[in-house]
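Shown next, in structure tokens, is the structure this report addresses.
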Amino acid sequence: MLTWSLYWTVRECLVTRKPIAVFDSGLGGLSVVRELRRSLSCEDIVYFGDTARVPYGIKSRRTVAKFALEDARFLLQFEPKLIVAACNTASALAMDELEEKLPVPVVGVVKPGARAAVQLADGAPVAVIGTEATISSGAYTAAIRTLSAQQEVIGQACPLFVPLVEEGRDSDDPIVKLTVETYLSSLREAGIHVIVLGCTHYPLLKEAIAEYLGPLVRIVESGRETAHAVREVLQRGENLCAEERTGTLQCHVSDNPTRFRRIGSRFLDEEIEHVELVEPEQYIASAASDRKEK
Ligand code: DGL
């Protein structure tokens, strides 16, 4: 009996109390952290936002995969029980590499978003919106078709949404409304039933998107679905925290912590207390060796 309770106490300290690590190209991944904190409130979270190298959404697969691996490897020092690739672009372009090269389970945002879309589609076309890189990768389409081979999927890149959100424009703004109409008019005409918000920033424009597409179109937020997927993975491995406490949030960025704190709180829906600036040699493997050579 004593041995059994000792086992659970040790396990609690060694495994379930380890943090969940989350990375993104910048501050948008905080919209995923918000969902994690809502549904897994006792979990500690360590976040890395690569604000020095954002945006990822216009970069090549090779570059995004390199950056994503570096971001995730930086987070390994915190001994996470799981890593979340909160960035849709990184999940779309680098998931295979992350899964292959990291020693802990990795959850991306594409598969959970795709799963929810298939459940809601009911035979009508599904739309996926995201960065240029996410849409041209075809990753959402592939994930949806793995679950439902005949499903029609329409991808639409919406590159102006990210800067609009970062500039603090919200759903009531006339520029946002016009941009939504410009990008989504063909999707509305195609008679979609479901739209996947395949980018960390888009949940902040959800109202404008919903208003334009009308009440019959269901909106899937990949970040929210990802929080459910994280719970499932942790539950399966018996690694879910079950304590009566509010988990901590530690944020690290590669540039401009002040801007991250200011704008990030809108994504997170809470104040960000402290943000640590990370030097390049701590997250870029080549920077560390460059320094040694000097
Ligand atoms: N976080 C990115 C994504 O979800 C958007 C910003 C970027 O382009 O890096 O795809």
Side-chain angles (χ1 to χ4, degrees), residues 21-36 47-72 75 83-95 97-98 106-114 116-117 127-143 155-169 179 183 195-206 209 219-227 229 251-256 259-260 263-264 266-268 283:
V22 181
F23 77 86
D24 177 53
S25 55
L27 47 83
L30 291 171
S31 65
V32 181
V33 172
R34 181 189 62 211
E35 299 302 333
L36 288 168
Y47 183 89
F48 179 62
D50 191 9
T51 46
R53 300 187 292 190
V54 71
Y56 286 8
I58 50 166
K59 294 189 170 74
S60 67
R61 182 181 295 276
R62 182 168 164 264
T63 300
V64 171
K66 177 182 179 296
F67 289 178
L69 264 176
E70 287 177 343
D71 301 343
L75 287 166
I83 294 183
V84 179
C87 179
N88 283 260
T89 307
S91 299
L93 275 69
M95 207 52 206
E97 240 167 307
L98 291 167
V106 191
V107 177
V109 289
V110 171
K111 280 186 193 162
V128 179
I129 55 174
T131 64
E132 279 172 45
T134 297
I135 298 306
S136 62
S137 75
Y140 268 102
T141 306
Q156 171 70 54
C158 304
L160 287 173
F161 283 179
V162 169
L164 284 174
V165 170
E166 295 214 357
E167 210 192 82
R169 307 267 174 176
T179 314
Y183 286 139
I195 185 164
V196 181
L197 307 187
C199 174
T200 48
H201 289 57
Y202 298 1
L204 279 84
L205 301 179
K206 187 176 167 184
I209 294 168
I219 297 182
V220 172
E221 291 182 48
S222 288
R224 184 165 296 175
E225 301 305 325
T226 301
C251 292
H252 305 259
V253 293
S254 49
D255 195 25
N256 206 342
R259 183 175 189 271
F260 180 89
I263 303 180
R266 281 197 283 119
F267 287 74
L268 189 61
Y283 67 98

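Every value quoted in this text rests on a predicted model; they were computed, and no experiment measured them. Numbering of ligands and ligand atoms starts at 1, following listing order. Below, all heavy atoms of this structure are taken into account, side chains as well, without hydrogens, waters or symmetry copies.
When each atom of ligand 1 is checked for a heavy atom of Y56 under 4.0 Å away, the hits are 7 (C), 8 (O), 9 (O). Using a 4.0 Å cut-off to heavy atoms of V54, the atoms of ligand 1 that qualify are 9 (O). Atoms of ligand 1 found under 4.0 Å from any heavy atom of D24, numbered from 1 in the order shown, are 1 (N).
Heavy atoms of G26 come nearer than 4.0 angstrom to ligand 1 in no pair at all.
The proximity of N88 to ligand 1, defined as any non-hydrogen pair under 4.0 Å, involves the side chain as well as the backbone.
With respect to E166 and R259, a salt bridge is recorded, a charged nitrogen being found less than 4.0 Å from a carboxylate O. Salt bridge status for R53 with D255: absent, with no side-chain N to carboxylate O gap under 4.0 Å.
With hydrogens left out, the protein atom closest to atom 5 (C) of ligand 1 is C199 SG, 3.7 Å, a heavy atom. Scanning the protein for heavy atoms near atom 10 (O) of ligand 1, the closest one is T89 OG1, 2.6 Å. Annotation: atom 8 (O) of ligand 1 to nearest protein heavy atom, G57 N, 2.8 Å.
The main-chain N or O of V165 is found under 3.5 Å from a side-chain atom of R266 such that the two form a donor-acceptor pair.
Taking the six-membered ring wherever Trp is involved, the centroid distance between the rings of Y47 and F23 does not fall below 6.0 Å. Between H252 and Y283, a ring centre-to-centre spacing not shorter than 6.0 Å is recorded.
Inter-residue side-chain proximity for Q156 and I135 is flagged as unmet; no heavy-atom pair is nearer than 4.5 Å.
Taking each of A85, S25, G223, A92 in turn, the one with a heavy atom nearest to atom 9 (O) of ligand 1 proves to be S25.
Heavy atoms from other residues, nucleotides or ligands lying under 6.0 Å from NZ of K59 number more than 12.
Between H201 and ligand 1, no N or O atom pair is found at a separation short of 3.5 Å.
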